[in-house]
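From a predicted model like this one, the values you see are computed outputs, not experimental measurements. Every number for a ligand or one of its atoms is a count from 1 in the order of the listing.
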Amino acid sequence: MTETQQELRQRQAQFAKELYGDDIGAKSGLSALLSKNNSAQQEAVAKYLRHWDGKTDEEAEQRRLDDYNEATHSYYNVVTDFYEYGWGSSFHFSRFYPGESFSASVARHEHYLAYKAGIKEGDLVLDVGCGIGGPAREICTFTGANIIGLNNNDYQLAKAKYYARKANLDKKLDFVKGDFMKMEFEPNTFDKVYAIEATCHAPKLEGVYGEIYKVLKPGGVFAVYEWVMTDNYDETNPEHRKIAYEIELGDGIPKMFPADVAREALRNVGFEVLEEKDLADNEDKVPWYYPLSGEWKYVQTIGDLATFFRTSYLGRKVTTTMVTVMEKIGIAPKGSRDVTLALEEAAVGLVAGGKSKLFTPMMLFVARKPEEN
Ligand SMILES: CC(C)=CCC[C@@H](C)[C@H]1CC[C@H]2C3=C(CC[C@]12C)[C@@]1(C)CC[C@H](O)C[C@@H]1CC3
Ligand SMILES: C[S@@+](CC[C@H](N)C(=O)[O-])C[C@H]1O[C@@H](n2cnc3c(N)ncnc32)[C@H](O)[C@@H]1O
């Protein structure tokens, strides 16, 4: 018998409690990792990794596409603490300007999307795949809009709510559980919708874009930073496919799509595409992937040294070694080392994809739902 949306939701919420205990949300980073339940962690790691067995044939890909919800949910159950520890509370890349700190660059990238979407005070805005709410808090403070974050991961939602309360933004921000492929909001609800590096987890872009189209008001704007393979990518080239596969495996993505698939998907569901630009295709002195490529010369401020160390090759090795030892002596839950190894594949694939310009994490699309006739 197939599980209903309601049953799936309850099971996943229950699982998050088993994994993190009752004070879910309050702990973060490595301290949250160390307090996770051992057998639940093992189950989550197995559920995430079961589809990434090195196969890229059609059947293997189909299994990943079919299981997108559970696989992504499990992925974020096991990586969120590492992300927070290594990256902060906005789970996305950004461009870096000379002299600009890591956190300023992340915030500017969010402001830019808000500006492109035309978000203004009093708007009701949907953040699709909101993570732990870093971008929603920033965009709310920046624009004064009311934002609802949608996410299928219970742990991240609990954290997003916790941080919004702490920042005194809980009257302007709300976070709700749901699958972006099957949204439960009333049609024509939102003035604006944005998504930051999240819709790439969809098994089919028409699915998620179609849902966004449905819940946007006529005339409303959707702005997205999409993860895509660029026009340089050739799926039949084994070197190219290897890079895409590393990104899929390490980032919990069922299938990386090319840019033209994303553009067509927007049009197919009815959007008018107003703007399209690969923000990574530029002459920037500091590349977007530098925190992962481990090039010290790009670090812009003294304050960024600690973050850079954690994200660099050396820092990642230190984390993996530390986690391996802690897992061996029983302090860290089983499976944690496998997670650091998968994240290493992510880092390697992302840097290779960035350097070769086969991949971009910041394909900007701005699209409008036409006014009703
Ligand atoms: C998965 C998607 C669609 C977006 C996430 C983008 C980035 C925020 C992550 C992609 C790879 C991640 C890694 C880390 C942090 C978050 C990412 C950059 C670490 C640096 C976290 C600390 C670990 O020890 C190493 C990780 C490498 C990959
Ligand atoms: C890389 S994170 C980006 C989070 C956030 N946009 C940010 O920039 O901090 C991707 C997010 O998409 C969410 N997500 C993935 N698949 C989803 C789905 N089917 N429905 C809702 N959210 C989903 C994940 O749980 C995660 O929060």
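For a heavy-atom separation below 4.0 Å, the residues in contact with ligand 1 are Tyr76, Phe82, Tyr83, Gly86, Trp87, Phe91, His92, Phe93, Glu197, Cys200, His201, Trp227, Asp251, Thr311, Arg316, Thr319, Leu343, Leu350. At a 4.0 Å heavy-atom cut-off, the residues surrounding ligand 2 are Tyr68, Thr72, Tyr76, Ser90, Phe91, His92, Gly129, Cys130, Gly131, Pro135, Asn151, Asn152, Asn153, Gln156, Gly178, Asp179, Phe180, Ile196, Glu197, Ala198, His201, listed by chain and number.
Among Tyr225, Phe91, Trp288, the single residue meeting the ring-ring contact (aromatic ring centres under 6.0 Å, His included) criterion with His109 is Tyr225.
Both tests hold for Arg310 against Tyr85: distance to the six-membered ring centre under 6.0 Å, angle to the ring axis within 45°. Under the 6.0 Å distance and 45° angle rule, Arg108 counts as a cation-pi partner of Tyr97. Figure legend: Lys47 and Phe15 shown as a cation-pi pair, the cationic atom lying under 6.0 angstrom from the six-membered ring centre and within 45 degrees of its axis.
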Pair Phe185-Phe190, ring pair (Phe, Tyr, Trp, His ring centres under 6.0 Å): steps then yes or no
CA-CA 9 Å; Phe185 304 107; Phe190 296 97; 5.1 Å; yes
Between Lys177 and Asp154, does a salt bridge (charged side-chain N to carboxylate O under 4.0 Å, His left out) hold up when you go through it step by step?
CA-CA 7 Å; Lys177 163 101 176 168; Asp154 304 271; 2.9 Å; yes
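The aromatic ring centroids of Tyr76 and His201 lie less than 6.0 Å from each other. Centroid-to-centroid, the aromatic rings of Tyr213 and Phe222 stay 6.0 Å apart or farther.
Between Tyr20 and Tyr155, the two ring planes are parallel [angle under 30°; tilted spans 30° to 60°].
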